[in-house]
Peer 1: 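Next up is a structure, given as structure tokens.
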Amino acid sequence: MMKKNRIMNKIERFTKEHGIWIAGLVMLIFVAVYFYYDTVQKIASEEGGLYFADEVTWDDPIDITHSQIVQTYTTTRAEISYMGFAFKKEGRFKEDAYVLVQVEKEETQELLQEWRIPVADGVSEDDNYVCVNYPIDKNATFIGDKGIKLNIKISVENPGNEGKIYIAQGKNLDHYDYGVLTVDGRKVNKQLAINIYGKVKYIQTLYIIIVLGFLFILSALVVTMKKKCLKIENAFFILAIFLGGAYLLIFTPGTEPDADAHFATAYYDANVLLGRERENSDGNVIMRLEDTRKDGLKNLAQLRNMNTTKENLLTKSEDNQETGFYRGRLNVPITAHLPQSIGLCVGILSGMGATLTAYCGKVMALLFYIVCCYIGIRLMPFGKEILAFVALLPFSMETATSYSYDCEVLALSLLMFGYIMYLTYQKPKITWKDIAAWCVLTAWIGPCKVVYVLLGEMILLIPKEKYKNRKMYWGTMGIVLITGIASIYITRLSSVSSVVSGEVEGNYYTISMFLKNIPQGLLMIGKSIELYFDEYIKQMFGSMYSWMDINLPFTFAILYVVLMLVVSIRSESEKYEITKIQKGILGGTSLLIAGGIVAGLMFGWTLKDSVAVEGIQGRYFLPVLPAFMLLLRNKWIVSKKSMGNWAIVAIGVLQYITYLKLYVFIISR
């Protein structure tokens, strides 16, 4: 009886101590299981998983009526369930006319698969195409094997002389390389539009690994937070590394906003670093031919891209043929895409294939982001959870794994916030080394996006007493001002002057138009807030992603906003206090940057007949979000205990739910 009581007491103590987390863990597991059976398992096991498909052009079909065509195709690791082709017919055919499709092993000419489809029933007419999917025999010897070369032979049996049958070809040979296409033994510079379908069992394996990884990290964070043996910056580092890897899986190269523009610019800079030819006579960036194709990766975040990545991630570059990309570089300095450019250099020099080379740039961007944020959080003397919250927001993590210079902007802004707070509240005296470091950060962030050079004015937060003398104080102000102006003048003068002078191309709204009718201009700003404010919030706080084409329920944004308000609460133990003057500097800087963002898009992007300012996105305000959160701190709403450590756990839990929702959304497309 006494032994039973002791056991019950231990269970009671354990439940009392860990009950909340156990209940939370059960709920997190329930969410994962629900998504698994509702979506992941179904998609992984159905035979609709697209493994390899080209875009189709209907303008120049291939006449197969009286010809035999042969398309070579090399299998991948994918389990093939169907092959699909698009046909169209014109005129009349015999009743027993049919399309014959045969799959042979190229090396031995062994017939592996054969299909016959009646022309009368299975081929469309009247300028319409029908895609016919042929089921693969599950006992076929090439199923599941990699590197098996096949000949896909297509012909028409008993066509007669009164009609024609066409098969659609691929739209762009640069996107995919099936192999050689011959018509009656004659090689042609075309390829068929082929759909290769198969089960995608790997997505459920990935899902399980991600869920287990999340649960392990969150559990470890809870244990270490309870023991108070893990600093916030270290907790951020662990969670950011895991989240970064997870976001790399679903947001493949090209899925971030303006992806090709940033990829081309980073590649141009990589050419500079490698001493290679940078652009052709048309002003287009020169790349390896396969890098222009990117193995067929699309700009839409979807299962197809994940499949393409899986099939091509470990391939090597087969040749060094170079060509011009379809566009040129952005007018930004090399520092705006430096991490991504270094990653591309690694991929090119190592002879990696196009997919892995593109990923090298994304991985280097992620590492740069994490290092900058880690240093910023570590330097932050108080409110470390504020920087960690902003750095770990879903769109922040997506940006961290992108080619966009927004990655550098956000990383550097969080580093600057941590550094300036350290200089303002913790470091006893300011040295010229500190001033030099601040000038470097200001000169780096400004040319990426001009408006963020205004973050340099946060140097005003530092009390005059921390400078050696008044001469040093005023000298610092002048040096920072000159640094900011010089960085813009050297790198972005032409683009800034074109906006200011109204010389931007097209029928755009200009500064002179605004000055002639200020009320109308202010009305445009108000209208943009009315029309798009919810989208700004959704993008900043976890409801909108990629090219703004991935929309999660607004509930996600609400949850992150609530957490932001909680994270902004000041604790009783906090010994630092932001003065009214310092709040004024933070607020003024934020307003100036917000105004600069609106002005930049109003005068350089919005058409003159628009009723609202176009092009503003929520992500543009993320670099000043820490300032806004610091302004929310006050003497009236105070927590008894510091919530910094638990804020990281809360962010991790929200990211867990957000990521699983993103995962099932993307694999469902």
Side-chain angles (χ1 to χ4, degrees), residues 39-40 43-44 46 48-56 76-80 170-172 174-178 193-207 209-210 244-264 266 290-315 340 343-344 347 352-363 365-366 394-395 397-404 544-552 659-669:
T39 305
V40 178
I43 294 176
E46 69 183 11
L50 183 62
Y51 256 101
F52 200 92
D54 203 353
E55 295 178 350
V56 176
T76 65
R77 293 189 180 91
E79 178 183 342
I80 302 175
K171 184 176 182 180
N172 192 338
D174 289 344
H175 280 192
Y176 291 104
D177 185 14
Y178 293 103
I194 311 176
N195 285 335
I196 304 294
Y197 290 88
K199 295 180 180 179
V200 286
K201 295 179 180 179
Y202 78 93
I203 64 170
Q204 64 186 19
T205 303
L206 274 180
Y207 180 83
I209 292 172
I210 290 167
Y247 273 80
L248 284 169
L249 289 175
I250 56 175
F251 291 111
T252 50
T255 54
E256 64 268 19
D258 304 318
D260 286 351
H262 292 290
F263 179 72
E290 58 192 290
D291 292 328
T292 64
R293 300 169 176 172
K294 288 187 285 190
D295 291 325
L297 289 169
K298 302 297 181 183
N299 290 342
L300 186 69
Q302 56 182 330
L303 177 60
R304 173 175 175 173
N305 273 2
M306 295 175 66
N307 292 333
T308 301
T309 298
K310 176 181 179 292
E311 298 303 322
N312 296 282
L313 187 62
L314 300 181
T315 59
Q340 295 93 329
L344 287 173
M352 298 177 183
T355 299
L356 190 54
T357 297
Y359 260 108
C360 281
K362 289 169 70 72
V363 170
L366 174 64
F395 202 89
M397 292 308 305
E398 183 192 348
T399 301
T401 60
S402 74
Y403 273 88
S404 174
M544 185 179 287
Y545 301 86
S546 193
W547 291 81
M548 317 311 131
D549 60 328
I550 297 178
N551 288 275
L552 302 188
Y659 185 85
L660 296 190
K661 184 64 176 177
L662 280 172
Y663 189 92
V664 299
F665 184 97
I666 289 172
I667 66 172
S668 300
R669 301 174 90 183

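As the structure is a prediction and not an experimental result, all values here were calculated from the model. Quick note: numbers below take in every heavy atom, side chains included, and nothing from hydrogens, waters or symmetry partners.
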Peer 1: Below 4.5 Å, heavy atoms only, C-beta onward: do T355 and T315 meet side chain to side chain?
Peer 2: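 No. Closest side-chain heavy atoms not under 4.5 Å.
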
Peer 1: Rounded to the nearest 0.5 Å, how far does CG of L300 lie from CG of D549?
Peer 2: 5.5 Å

Peer 1: Could you measure the distance from the CD1 atom of I550 to the CZ atom of F395? Nearest 0.5 Å is fine.
Peer 2: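 So the gap between those two atoms works out to 10.0 Å.
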
Peer 1: Could you pull out the closest heavy-atom pair between L344 and A358, with the gap in Å?
Peer 2: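 Minimum heavy-atom contact is CD2-CA, 4.5 Å.
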
Peer 1: What closest approach, in Å, do D291 and A354 show between heavy atoms, and which atom pair accounts for it?
Peer 2: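 So the two residues come closest at OD1-CA, 3.3 Å.
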
Peer 1: Got a second to check how far Q302's CD is from T308's OG1, nearest 0.5 Å?
Peer 2: 8.0 Å

Peer 1: I want to check something: taking the side chain as every heavy atom from C-beta on, are Y359 and M352 in contact at a cut-off of under 4.5 Å?
Peer 2: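 Y359 does not reach M352 side chain to side chain.
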
Peer 1: Is the shortest heavy-atom distance from the side chain of M397 to the side chain of L366 under 4.5 Å?
Peer 2: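 The answer is yes; the side chains approach within 4.5 Å.
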
Peer 1: So do the side chains of I667 and Q204 get within less than 4.5 Å of each other, counting heavy atoms only?
Peer 2: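 No; the side chains remain at least 4.5 Å from each other.
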
Peer 1: We want to know whether N305 and T252 form a side-chain donor-acceptor pair, criterion being a heavy-atom distance below 3.5 angstrom.
Peer 2: yes

Peer 1: Can you name the residues that form a salt bridge (charged side-chain N to carboxylate O under 4.0 Å, His left out) with D258, not counting sequence neighbours?
Peer 2: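 Listed in chain order: nothing, the list is empty.
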
Peer 1: Rounded to the nearest 0.5 Å, how far does CG of L660 lie from CD1 of I210?
Peer 2: 8.0 Å

Peer 1: For A301 and S546, work out which heavy atoms get closest and say how close.
Peer 2: CB-OG, 4.4 Å

Peer 1: Of the options V40, L206, I43, which is the one that meets V200 in a side chain to side chain contact (heavy atoms under 4.5 Å, CB included)?
Peer 2: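 Of all the options given, the one that passes is I43.
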
Peer 1: Kindly indicate whether the side chain of K362, heavy atoms from C-beta on, has any atom under 4.5 Å from the side chain of E256.
Peer 2: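 Contact flag for K362/E256 side chains = yes.
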
Peer 1: Work out which heavy atom in G244 is nearest to a heavy atom in T401; give both atom names and the distance.
Peer 2: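 Answer, listing the atom of G244 first, then T401: O-CG2, 3.7 Å.
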
Peer 1: Look up atom CG in L303 and atom CD1 in I250, then write down how far apart they are to the nearest 0.5 Å.
Peer 2: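 Interatomic distance, L303 CG to I250 CD1, rounded to 0.5 Å: 12.5 Å.
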
Peer 1: Give me the atom names and distance for the closest heavy-atom approach of A259 to G254.
Peer 2: CB-O, 3.2 Å

Peer 1: Please identify which of these residues, Y545, Y207, Y247, F251, meets the ring pair (Phe, Tyr, Trp, His ring centres under 6.0 Å) condition with Y663.
Peer 2: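 Among Y545, Y207, Y247, F251, the one meeting ring pair (Phe, Tyr, Trp, His ring centres under 6.0 Å) with Y663 is Y207.
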
Peer 1: Are side-chain heavy atoms of F665 and N551 found at a separation under 4.5 Å?
Peer 2: no

Peer 1: Using modelled atom types only, decide if a donor and an acceptor are shared between the side chain of Y403 and the backbone of A266 within a distance under 3.5 Å.
Peer 2: no

Peer 1: If you look at every heavy atom in N307 and Y202, which pair is closest and at what distance?
Peer 2: OD1-OH, 2.6 Å

Peer 1: Enter the distance from S404:OG to Q340:CD here, rounded to the nearest 0.5 Å.
Peer 2: 8.0 Å

